[in-house]
Amino acid sequence: MFPPNLVEATIAQSVIKIIVPEEYKANPRFSNKTFNLKDQYPYWAFEEKLEMKSTNVLGLVTFSVILGITIGKMRERGKPLLVFFETLSEAMMIITGWVIWLSPLGVFFLVIAQIMEISSFAALLGQLGLYFGTVLLGLFLHGFGTLSVIYFVCTRTLPFRTIAGLSQVLATAFGTASSSATMPITIQTLDGMGVDPRVTRFVIPVGATINMDGTALYEAVAAIFIAQRNGLELGIGQAAAICVTATAASIGAAGIPQAGLVTMVMVLDTVGLPADQISIILAVDWLLDRFRTTINVMCDSLGARLVDMLSAADLRSMADVDKANADPHELVEIVKGDTHV
Ligand code: ASP
């Protein structure tokens with residue numbers, strides 16, 4: 001997370017290698033993977049190596065977050081740097097747009113290459129089916145389990161009425177596979193439900209850009225699926241690293257169709273798998289994308305409703321102050337009546 005050299009982090013990852021003495025390697029007691037590292041510590045040597053093939057994404061993300069907070073704190077003085085990064089990002093998006101024009105051709109060859117390598121198509125379909133089912137089950141449990149519980153604990157009301165009221169929003173999210181494209185309908189529907197416009201107009205755009213729990217869940221499952229297909233046994237540390245990177249990658253994913261597939265590269269990097277392995281899941285991704293976008297949008301909407309409920313009193317007092325600002329006599333009354341204001 002804290003690369004010693006930032007430029008180096010863009011092209012290399014430092015890997016700690018454990019050097020096992022030869023006599024230990026020969027000893028059957030230590031040749032299995034379950035030895036206790038702590039007990040054997042005096043006999044191990046550690047070696048730090050630079051792996052040039054991969055980028056230290058986690059290190060770069062950590063630095064970016066810190067730099068972002070710093071620019072925010074600098075306010076006016078940080079503006080030029082902010083404008084620089086925004087312009088750079090815009091320029092990259094234009095280049096990406098050009099590349100996207102070529103992507104159908106690229107994807108066609110990626111899929112064909114993958115299909116040619118398949119020895120048993122039936123076995124692959126079976127595996128993909130299980131992967132598909134796992135993501136769907138996870139999304140369902142998250143949407144109607146975790147999110148509902150959080151909503152209930154914070155508001156003491158069940159979210160199912162709200163979810164039913166969001167049916168048009170959820171259908172649009174499913175149809176467009178894009179949180180951003182659904183945004184106008186989400187805002188309109190929440191306004192119709194009585195959520196304060198100040199809340200919807202802040203929470204929904206932020207949510208559509210960075211809050212993608214469906215995508216995070218899918219990226220973690222997909223990375224584990226791909227790792228297992230490659231015969232990679234994942235330890236608890238690697239699984240945890242996948243979860244953290246998947247969450248970071250989902251924040252980075254844009255609210256457009258299949259954006260999660262692009263940021264998956266970052267997650268695959270974490271477990272040391274090449275990016276072209278993504279093509280394994282390409283065949284079902286267009287459909288999974290719709291389900292995960294629906295959960296992304298549902299979470300944004302429930303979040304807006306929750307913020308609205310929790311900040312109702314503050315919003316009301318802010319409205320009172322606004323009103324009083326328009327009429328100075330009323331302000332005097334409010335200040336007398338409630339020293340808080
Ligand atoms: N399509 C998703 C969204 O817009 C992002 C993704 O997971 O690909 O929310």
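One-based numbering, in listed order, for ligands and for the atoms of each. Heads up: numbering here begins at 1 and tracks the sequence.
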Under a plain distance cut-off of 3.5 Å, with no hydrogens placed, do T293 and D289 share a side-chain donor-acceptor pair? yes
Using a cut-off of under 3.5 Å, which N/O atoms of ligand 1 pair up with protein N/O atoms, and what distance separates each pair?
{"from": "ligand 1", "atom 1": "1 (N)", "to": "A177", "atom 2": "O", "distance (Å)": "3.0"}
{"from": "ligand 1", "atom 1": "1 (N)", "to": "I256", "atom 2": "O", "distance (Å)": "3.0"}
{"from": "ligand 1", "atom 1": "1 (N)", "to": "D289", "atom 2": "OD1", "distance (Å)": "2.8"}
{"from": "ligand 1", "atom 1": "1 (N)", "to": "T293", "atom 2": "OG1", "distance (Å)": "3.1"}
{"from": "ligand 1", "atom 1": "4 (O)", "to": "S179", "atom 2": "N", "distance (Å)": "2.9"}
{"from": "ligand 1", "atom 1": "4 (O)", "to": "S179", "atom 2": "OG", "distance (Å)": "3.2"}
{"from": "ligand 1", "atom 1": "4 (O)", "to": "G255", "atom 2": "O", "distance (Å)": "3.4"}
{"from": "ligand 1", "atom 1": "4 (O)", "to": "I256", "atom 2": "N", "distance (Å)": "3.4"}
{"from": "ligand 1", "atom 1": "7 (O)", "to": "T215", "atom 2": "OG1", "distance (Å)": "2.7"}
{"from": "ligand 1", "atom 1": "7 (O)", "to": "R292", "atom 2": "NE", "distance (Å)": "2.6"}
{"from": "ligand 1", "atom 1": "8 (O)", "to": "A259", "atom 2": "N", "distance (Å)": "2.9"}
{"from": "ligand 1", "atom 1": "8 (O)", "to": "G260", "atom 2": "N", "distance (Å)": "2.7"}
{"from": "ligand 1", "atom 1": "8 (O)", "to": "D289", "atom 2": "OD1", "distance (Å)": "3.4"}
{"from": "ligand 1", "atom 1": "8 (O)", "to": "R292", "atom 2": "NH2", "distance (Å)": "3.1"}
{"from": "ligand 1", "atom 1": "9 (O)", "to": "S179", "atom 2": "OG", "distance (Å)": "2.5"}
{"from": "ligand 1", "atom 1": "9 (O)", "to": "N296", "atom 2": "ND2", "distance (Å)": "2.9"}

Passing option when L306 is tested against S311, C154, S301, P159 for side-chain contact (heavy atoms from CB on, under 4.5 Å): C154
Tell me which donor-acceptor pairs under 3.5 Å the side chains of residues 208-218 have, and how far apart each pair is, sequence neighbours excluded?
{"from": "T209", "atom 1": "OG1", "to": "P205", "atom 2": "O", "distance (Å)": "2.6"}
{"from": "N211", "atom 1": "ND2", "to": "D300", "atom 2": "OD1", "distance (Å)": "2.9"}
{"from": "D213", "atom 1": "OD2", "to": "H142", "atom 2": "NE2", "distance (Å)": "3.0"}
{"from": "T215", "atom 1": "OG1", "to": "N296", "atom 2": "ND2", "distance (Å)": "3.0"}
{"from": "Y218", "atom 1": "OH", "to": "D285", "atom 2": "OD1", "distance (Å)": "3.0"}

Applying the 4.5 Å side-chain criterion to the ILVMFWY set and letting contacts propagate, would V203 and V206 be lumped into a single cluster? yes
Any salt bridge between R198 and D308, counting N to O under 4.0 Å? no
Just checking, is any N or O donor in the side chain of E219 or T263 under 3.5 Å from an acceptor N or O on the other one? yes
